[in-house]
Amino acid sequence: MIKEDIRSAIREALENCYQQGTLSSGEFPAEIQLEVPKSQDHGDYATNLAMMLARFEGKSPRQIADTLVASLRISNLFAAVEVAGPGFINFRLAVGYWATTLQRIYDGQERFGRSPAGRGVRVQVEFVSANPTGPLHIGHGRGAVVGDALASILDAAGFDVQREYYINDAGNQVQTLGRSIFLRLRELQGETIDFPEDGYQAPYIIELATRLLQEQGELEGIAEEEAISRCARFGVQQILGWIGADLEAFGIRFDNWYSEQSLYDRNMVEQELARLADKELTYQEDGALWLRTTDFGDDKNRVLIKSDGSYTYFASDVAYHLEKFDRGFDRVIDVWGADHHGYIPRMKAMLKGFGLPAEALEVLLIQMVNLLRDGQPFVMGKRSGNFITLREVIDEVGRDACRFFFLMRRCDSQLDFDLELAKQNSSDNPVYYVQYAHARICSINRNAAELGIEQPSIHQFDFNLLTLDEEIALIRQLSRFPEAVEGAALHYEPHRVVFYLQDLAALLHSYYNRHRVLIDEVPVTYARLYLVNAVRIVLANALSLLGVSAPEKM
RNA sequence: GCGCCAGUAGCUCAGCUGGAUAGAGCAACGGACUUCUAAUCCGUAGGCCGGGGGUUCGAAUCCCUCCUGGCGCGCCA
């Protein structure tokens, strides 16, 4: 990649200076910082190296920068290297480099933007993992899209990625689900039931009860406990079906659905807890089994086995996470709702105590989505029965717009999602702005075909005919796509791809409005078609990372 | 009370590991369609980066403190 080429040129210059004695500290920064300057006047890339070295050299940054530049072999990589401001070294890339960029895009096609940065590190992204006790809501939707896009981005950046959904199909909530269905079922059979407040009130419970009655008949003659657990199993299975279908409608597929219950069935909880005990990380107190998380940064120790002998949720989660590493993942990313943030220290403490590095687990917190309708907050809650499902939102707002909206902001800031506003603004929703850029290029291609102009081959393309500032600006932006993907991957920030896309689309629209692609001069037309289709490829690749479609017509 | 996240233009938000003159969209105002799709473009205006201290060549970014909003602080899941 271009950044590495520049870095090695700088490194070489630095070595020369030390050898020739023009610089004396012998200091080598671990990584030479290269940034994209905000202003075009400052070149394509800039480094602050001279300023970093100032305190070691005892000279002014500008002096050091001058020395470095003098020693910098002016390769054909650069058109100009300048010292500017307090001591920046600005690099302007040689025009010929931009031709290479287009070449790489055509060579790579849908693979352009991918990089080996992740070195095949095995990473698992676990996301959504909503309890199978009700349909997905808007908050799940945000986590779903962020997790899905992040997984795609990591994959593009060279990580070996698996998408996993953890099914909480054991424990109290599932019991509550079973009991709720069971009671509704008895109601359907004519009994008068005093429905408990802590049961699930929502109408879909009655729907489930009705269906259970149809499919399995009455549960006469079965002990209540067994009947409830049968209701629970049925409910979980049905609801998982809904969830799977909703995610499918959202364009999300998991590589693996992992059952919490299966941990118990295989005695994994017992086994993994035993490993913690072997490391003397657990102790008995007040009739319960505790984990010493305080030794590793938590503010209190945590119970694994309650005094009544049953496991806590934390116990199975501990087993689940340890088992992830048993499965060979180098890194595990959990996408959680921000309301679970208090849970992070104990999970990290557990892994640390177990001897795993701190960065083995990365938790991405997804802040709350405040659902509004006509500016009025919509109180959500599965038990209250008052909620709008994710499916309803997708149907109302549209899949592409919905996904894009969730990805537009960094995930650790809260999001107001006004349904009326999202619909009302849908015509000037930013997603259309980006998609429109893609559709416009496709439209040019259709017109070209009608005029009998074929897509130019590399041999018909003459880079020297791309002389406009807007054209170079477009190629510059195209060349940065791999960096954008890599940055989004390494920082776990899918929204960077969104901003990259908006910038690229803006350049395309601006170019489109100012200049025509299809003109009388055939060689220029070829050059512009070549450029514009490189843009099309990158737009499509970036949209694909976000799971948003790239329409050919709008 | 303790902890986590946030506070940047009227509104919604970007700002990469500290860098050059703090950016974009919407809203406002003024322009551009006999020309590849006007879901677009061009321009104008809009700021004490919540307040106050500190660290240094340099702070929206790091540290301390205070204020505001949200969320957490179970032998619940």
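Note that these values count all heavy atoms, side chains included, but never hydrogens, waters or copies made by symmetry. In what follows, every chain begins at residue 1, and chains take the letters A, B, ... in the order their sequences are listed.
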Query raised in the report: Between Arg399(A) and Phe404(A), is NZ or CZ placed under 6.0 angstrom from the six-membered ring centre and within 45° of the ring axis?
Result: no
Requested in this report: Remember a base hit wins even if backbone is also touched, and classify Arg516(A) as base, sugar-phosphate or nothing at under 4.0 Å, heavy atoms.
Outcome: base
Query raised in the report: How far, in whole Å, is G52(B) from C67(B) if one measures between their C1' atoms?
Result: 11 Å
Requested in this report: For nucleotides 15-22 of chain B, just jot down a letter per nucleotide in 5' to 3' order: B, S or -, based on protein non-hydrogen atoms under 4.0 Å.
Outcome: SBB-BB--
Requested in this report: Pick the P atom in G15(B) and in C75(B), then give their distance to the nearest Å.
Outcome: 38 Å
Query - Separation of G23(B) P from Leu507(A) CG (nearest whole Å) - result: 16 Å
Query raised in the report: Which one, A39(B), U40(B), A38(B), comes nearest to the side chain of Tyr512(A)?
Result: A38(B)
Query - Other residues, nucleotides, ligands: >12 heavy atoms within 6.0 Å of Gln237(A) CD - result: yes
**Report entry** Interatomic distance where CD belongs to Gln435(A) and P belongs to U40(B) [whole Å]
**Finding:** 12 Å
Query raised in the report: Are Tyr165(A) and Phe127(A) close enough that their ring centres sit under 6.0 Å apart?
Result: no
Query raised in the report: Where each pair must be Watson-Crick or G-U wobble with both distances under 3.5 Å, what dot-bracket representation of RNA chain B is obtained, with crossing pairs in [ ] and other-strand partners as |?
Result: (((((((..((((.....[...)))).(((((.......))))).....(((((..]....))))))))))))....
Report task. Measure across Glu471(A) and Arg528(A) and return the closest heavy-atom pair with its distance rounded to 0.1 Å. Result -> OE2-NE, 3.1 Å
Query raised in the report: Taking the six-membered ring of Tyr512(A) as reference, does the NZ or CZ atom of Arg440(A) fall below 6.0 Å from its centre and within a 45° cone about the axis?
Result: yes
Report task. Would you check if the distance from the ring center of Phe405(A) to the ring center of Phe417(A) is below 6.0 Å? Result -> yes
Report task. List the protein contact pattern of nucleotides 67-75 of chain B with one symbol per nucleotide (5' to 3'): B for base contact, S for sugar-phosphate-only contact, - for none; contact means a heavy-atom distance under 4.0 Å. Result -> ---SBS-SB
Report task. Report the nucleotide, chosen from C41(B), A77(B), C36(B), that has the shortest atom-to-atom distance to any side-chain atom of Tyr313(A). Result -> A77(B)
